[in-house]
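Sequential numbering from 1 along the given sequence is applied to the chain's residues.
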Amino acid sequence: MTDSASTDGGLRERKRTATKLAIITAARILTAERGFSGYTVEELCENVGISRRTFFNYFPAKEDAVLGSPADEIPDDLAREFIARGAGSDPGTVSDSLLSDFVDFATEMMDRMVMSRDQMVQLKLAVAAEPRLLEKALRGSREAEDTFAGILSAREGLAPRDPRIQAALTLFTALGQRAGPAFFAPGNTRPYRSILTEAVNAMHEVIASSSPLTSPSPKDSE
């Protein structure tokens with residue numbers, strides 16, 4: 001492939017990603033403002049400036065646009081930086097900056113959020129009120145975990161199913177589930193970084209205060 005062809009292909013992919021994210025953002029804002037049933041696909045397309053045919057080239061249904069795609073919503077530059085920060089760790093080990101780098105990564109993701117805090121709260125309420133959306137949201141959560149497991153695997157040089165990658169994924173998911181609602185709670189004035197850091201430090205204190213467990217011998221498991 002020539003450099004020109006490679007550049008053109010990269011540009012097309014960036015444009016496609018930008019269009020997809022524009023559809024997702026518009027769908028979420030409209031859902032937050034009007035509820036899931038309060039607008040049509042045609043109105044969504046008009047909002048984004050695309051045709052109905054283009055919409056269905058990206059998403060099979062309106063609910064898919066609202067929920068989006070975790071793989072597309074993580075900016076490439078953030079993923080690359082997060083992975084690069086773990087490059088200095090010894091092979092087969094977990095980098096000692098993983099927790100602090102995760103806080104930076106998650107905070108930057110939140111800072112780049114297009115929707116306002118109020119819109120995010122309304123969106124969550126709209127999703128919770130729609131069984132179809134709620135069911136797909138649960139599947140989307142699993143997709144998001146798989147996507148981030150791949151990023152963690154690339155950063156740490158460990159297999160996605162390595163127990164340490166899975167443990168980190170579980171911890172980060174729990175931390176996000178704790179920090180997110182606190183940040184979006186009515187009346188909150190604390191920045192997301194502060195809330196997430198507090199949760200990370202509390203988790204670290206609990207784990208650090210305990211001694212490692214000894215794996216049971218085969219005889220003990222009989």
Are any of the side-chain heavy atoms of [X] and [Y] separated by less than 4.5 Å?
| X | Y | answer |
| --- | --- | --- |
| Glu33 | Tyr39 | no |
| Ile195 | Asn188 | yes |
| Thr31 | Gln122 | no |
| Leu196 | Phe183 | no |
| Pro75 | Met109 | yes |

How far apart are the closest heavy atoms of [X] and [Y], and which atoms are they?
| X | Y | result |
| --- | --- | --- |
| Ala27 | Leu44 | N-CD1, 3.5 Å |
| Leu133 | Leu67 | O-CD1, 3.7 Å |
| Arg161 | Asp146 | NH2-OD1, 4.0 Å |
| Ser37 | Glu130 | OG-OE2, 3.7 Å |
| Ile165 | Ala149 | CG2-O, 4.0 Å |

Just how far is it from atom [atom1] of [X] to atom [atom2] of [Y], taken to the nearest 0.5 Å?
| X | Y | atom1 | atom2 | value |
| --- | --- | --- | --- | --- |
| Glu81 | Phe105 | CD | CZ | 10.0 Å |
| Leu158 | Gln166 | CG | CD | 11.5 Å |
| Phe172 | Gln177 | CZ | CD | 14.0 Å |
| Gln119 | Phe184 | CD | CZ | 11.0 Å |
| Asp118 | Leu123 | CG | CG | 12.5 Å |
| Ile83 | Leu78 | CD1 | CG | 11.0 Å |

Review point. Taking only residues two or more places apart in sequence or in another chain, which ones pass salt bridge (Lys or Arg N to Asp or Glu O under 4.0 Å) with Arg164?
Key: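 Arg164: salt bridge (Lys or Arg N to Asp or Glu O under 4.0 Å) contacts with Asp162.
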Exercise for review: Kindly write out the residues that satisfy salt bridge (Lys or Arg N to Asp or Glu O under 4.0 Å) with Arg53, not counting sequence neighbours, or none if the list is empty.
Suggested key: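 Expected list: none.
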Report yes or no: does [X] contribute a side-chain atom to a donor-acceptor pair with the main-chain N or O of [Y] at less than 3.5 Å?
| X | Y | value |
| --- | --- | --- |
| Ser100 | Ser97 | yes |
| Ser51 | Thr54 | yes |
| Tyr58 | Leu21 | no |
| Lys124 | Pro181 | no |
| Arg155 | Phe82 | yes |
| Glu156 | Ser95 | yes |

Check your understanding: Cation-pi between Arg85 and Phe102: NZ/CZ under 6.0 Å from ring centre and within 45° of the ring axis?
Key ->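 No, Arg85 and Phe102 do not form such a contact.
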Check your understanding: When the ring planes of Phe55 and Phe59 are compared, do they come out parallel, tilted or perpendicular, using 30° and 60° as the limits?
Key ->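 Ring orientation of Phe55 relative to Phe59: tilted.
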Review point. Under 6.0 Å from the CD atom of Glu46, do we count more than 12 heavy atoms belonging to anything else shown?
Key: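 No.
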Exercise for review: Step by step, work out the side-chain contact (heavy atoms from CB on, under 4.5 Å) result for Thr17 and Asp76.
Suggested key: CA-CA 11 Å; Thr17 299; Asp76 287 341; over 6 Å; no
Check your understanding: Could you go step by step and tell me if Leu152 and Leu98 meet the side-chain contact (heavy atoms from CB on, under 4.5 Å) rule?
Key -> CA-CA 9 Å; Leu152 283 170; Leu98 179 58; 3.9 Å; yes
Could you pull out all donor-acceptor pairs under 3.5 Å where a side-chain atom in residues 202-212 meets a protein atom, sequence neighbours excluded?
{"unit_1": "Ser209", "atom_1": "OG", "unit_2": "Glu205", "atom_2": "O", "d": "3.3"}
{"unit_1": "Ser209", "atom_1": "OG", "unit_2": "Val206", "atom_2": "O", "d": "2.8"}

**Study point:** Worked verdict on Leu99 versus Leu171 for side-chain contact (heavy atoms from CB on, under 4.5 Å)
**Key:** CA-CA 10 Å; Leu99 282 177; Leu171 287 174; 5.8 Å; no
